[in-house]
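All remarks here apply to the structure that follows.
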Protein chains: 2
Amino acid sequence: MLQNYVSEAFLERIPLYLNELEKYKNDYISSTTLANILNLGEVLVRKDLAKISQGGKPKIGYHVMDLMNDIKDYMGYNNKSKAIIVGMGRLGNALYHYSGFNKYNIHILEAFDILDDYKNINEIKDFCSEQDIDVGIITVPKDQAQNVCNLLLSQGIKAIWNFAPIRLNVPEDVIVQNENLADSLSILIKHKNDVVRK
Amino acid sequence: MLQNYVSEAFLERIPLYLNELEKYKNDYISSTTLANILNLGEVLVRKDLAKISQGGKPKIGYHVMDLMNDIKDYMGYNNKSKAIIVGMGRLGNALYHYSGFNKYNIHILEAFDILDDYKNINEIKDFCSEQDIDVGIITVPKDQAQNVCNLLLSQGIKAIWNFAPIRLNVPEDVIVQNENLADSLSILIKHKNDVVRK
DNA sequence: TATATATCGATATAGTTATACCGATATCAA
DNA sequence: TTGATATCGGTATAACTATATCGATATATA
Ligand SMILES: NC(=O)c1ccc[n+]([C@@H]2O[C@H](COP(=O)([O-])OP(=O)(O)OC[C@H]3O[C@@H](n4cnc5c(N)ncnc54)[C@H](O)[C@@H]3O)[C@@H](O)[C@H]2O)c1
Ligand SMILES: NC(=O)c1ccc[n+]([C@@H]2O[C@H](COP(=O)([O-])OP(=O)(O)OC[C@H]3O[C@@H](n4cnc5c(N)ncnc54)[C@H](O)[C@@H]3O)[C@@H](O)[C@H]2O)c1
């Protein structure tokens, strides 16, 4: 196991913390308070924060501004990240025009498609040779996803955010995050049905 | 803890299994094979399948068609689920027109907005009184999300799929699944940066 | 200044999830 | 028909994650 390994659950909590802290700028907050707001255990929150923060003060808690900055440092939000997106259909368009990524200093620099309205996919090579791209976002139909993935990998991209409902084949050193919305919705419905049946 | 409690991780694996099995219809498959394809432990797969299937045969494995049907029964894919969506901006449009939910027998019956192009949000009450809706999908701006959520709850909806980057306040018996895409992307980038730095 | 208290952070414990192991069994090959 | 073997499914173990406990400490209050 890697030295500074942390669990996925932990990483998913960090943006939640950051989001809440936003409301308490210019103040202090205790792990107890934060835990109660987010419906988490107080010790869990304290342990999480211990991993990334300079520490809090007994009786008072954590200095919110400092804590937010520690979180941003830890998650890399203080550094700009660059993404490109391939497939400018409905979903690609939504993501490309979404401003919510800026909060994390993530910028979708260019959008590629086979259609004329966008930068042509053939130009991806030129574009990537001039930019160091952190993430490739795949929003093409599933039968095109592996092709597009290969293209992105050939440009040296090491992280893929994949919305096509298919498992991509990639080398060991490439990270793929599948965002399977249909699976996700089906699980929500499963939960709902189980509760009702209970 | 509930009697038939299963972990979230387990539920997330089930659609992956179903997806792979699609390719092996009219055949048998062993837990070992399935595990290797999906990069999972063979025992884990076997334990997962034991929870939902009629069982496999030594030396042979599981009858794929039967297994698929067991999975569909378990997840409720054999029953139709009904959803409505509120907020027909870019993201709402993408989801509304996406055909991939049909695979799980999930149907988005109607789309509401304040804009004239869609069913007006004021008509939601009439609509819901005639239909038993399983899930409400929220794709409105975040400052409208809680309002819309309350409206959905007032119509008796017990499951919310929320894309607005905000935590919704709901009663105990309502299930909210937050789909925070920005958080998700930021975590992918965090992973990528860690690997590079390693 | 002395005392009470909320919180931190460290350690110990519990609970949950994944893996290892092993006997039983159905199939395939000889 | 017989023996070898891959796989199942149950039990035991390990790994990981979350919670409980407790002494130390900084602040607020008397
Ligand atoms: N729309 C959704 O809400 C949704 C939800 C979940 C998953 N998805 C998945 O996301 C992907 C896109 O969905 P969508 O609804 O936006 O589809 P879409 O058909 O609207 O868009 C696909 C786009 O990809 C482009 N394209 C096709 N092949 C290409 C190639 N080789 N290179 C570059 N561009 C190419 C097309 O021109 C089109 O613009 C699909 O895989 C879909 O399964 C979509
Ligand atoms: N676009 C994305 O890729 C993306 C990604 C992540 C999260 N989100 C979130 O999803 C939500 C929608 O994003 P979008 O990009 O589609 O925004 P958008 O502005 O394109 O669409 C919002 C829609 O909601 C409608 N609306 C506003 N108030 C309403 C109300 N009270 N009742 C009914 N309809 C109402 C508007 O008329 C508009 O059509 C936002 O909360 C956003 O933060 C979007």
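Residue numbers begin at 1 in each chain, while the letters A, B, ... track the order of the sequences.
Atom CG in A/L67 sits roughly 11 Å away from atom P in C/dG9 (whole-Å rounding). C/dT7 atom P lies 11 Å from atom CD1 of A/I29, rounded to whole Å. Rounded to an integer number of Å, the gap from OH of B/Y28 to P of C/dC28 is 10 Å. Rounded to whole Å, the distance from NZ on B/K51 to P on D/dC8 is 16 Å. In this structure, CD1 of A/I60 is placed 12 Å from C1' of D/dT25, rounded to the nearest angstrom. Rounded to whole angstrom, the span from the CD atom of A/E42 across to the C1' atom of C/dG9 amounts to 12 Å. Per the geometry, CG belonging to B/L49 stands 8 Å off P belonging to D/dC8, to the nearest Å. Across the protein-nucleic acid pair, A/L44 atom CG and C/dG9 atom C1' stand 14 Å apart, rounded to whole Å.
With sequence neighbours excluded, the residues satisfying salt bridge (Lys or Arg N to Asp or Glu O under 4.0 Å) with A/E22 are A/K25. Residues that satisfy the ring pair (Phe, Tyr, Trp, His ring centres under 6.0 Å) test with A/Y24, not counting sequence neighbours, are absent from this structure. Looking at residues two or more places apart in sequence or on another chain, you find no ring pair (Phe, Tyr, Trp, His ring centres under 6.0 Å) involving B/Y62. Taking A/E179 as the reference, nothing meets the salt bridge (Lys or Arg N to Asp or Glu O under 4.0 Å) condition, with sequence neighbours excluded. Residues meeting the salt bridge (Lys or Arg N to Asp or Glu O under 4.0 Å) test with A/R90, sequence neighbours left out: none. The side-chain contact (heavy atoms from CB on, under 4.5 Å) check on A/Y28 picks up A/K57, A/I60, A/H63, with sequence neighbours excluded. Considering only residues two or more places apart in sequence or on other chains, B/Y118 meets the ring pair (Phe, Tyr, Trp, His ring centres under 6.0 Å) condition with none of them. Residues meeting the ring pair (Phe, Tyr, Trp, His ring centres under 6.0 Å) test with B/F163, sequence neighbours left out: B/W161.
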What's touching nucleotides 9-14 of chain D from the protein side, N or O pairs under 3.5 Å?
residue : atom : partner : partner atom : Å
D/dG9   : OP1  : B/G56   : N            : 3.1
D/dG9   : OP2  : B/Y62   : OH           : 3.2
D/dG9   : N7   : B/R46   : NE           : 2.8
D/dG9   : O6   : B/R46   : NH2          : 3.3

Protein-nucleotides 4-6 of chain D N/O pairs under 3.5 Å:
residue : atom : partner : partner atom : Å
D/dT5   : O2   : B/K59   : NZ           : 3.4

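Across B/I157 and B/V135, no two heavy atoms sit closer than the pair CG2-C, 4.2 Å.
Proximity of the aromatic rings of B/Y104 and B/F101 is defined here by a centroid distance below 6.0 angstrom, and this criterion is not met.
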Show me, pair by pair, the donor-acceptor contacts under 3.5 angstrom made by side chains of residues 124-132 of chain B, not counting sequence neighbours?
residue : atom : partner : partner atom : Å
B/S129  : OG   : B/D126  : O            : 2.7
B/Q131  : OE1  : B/K82   : NZ           : 3.2

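Proximity of residues 9-27 of chain A to DNA chain D (heavy atom under 4.0 angstrom from any strand atom) is restricted to A/A9, A/R13.
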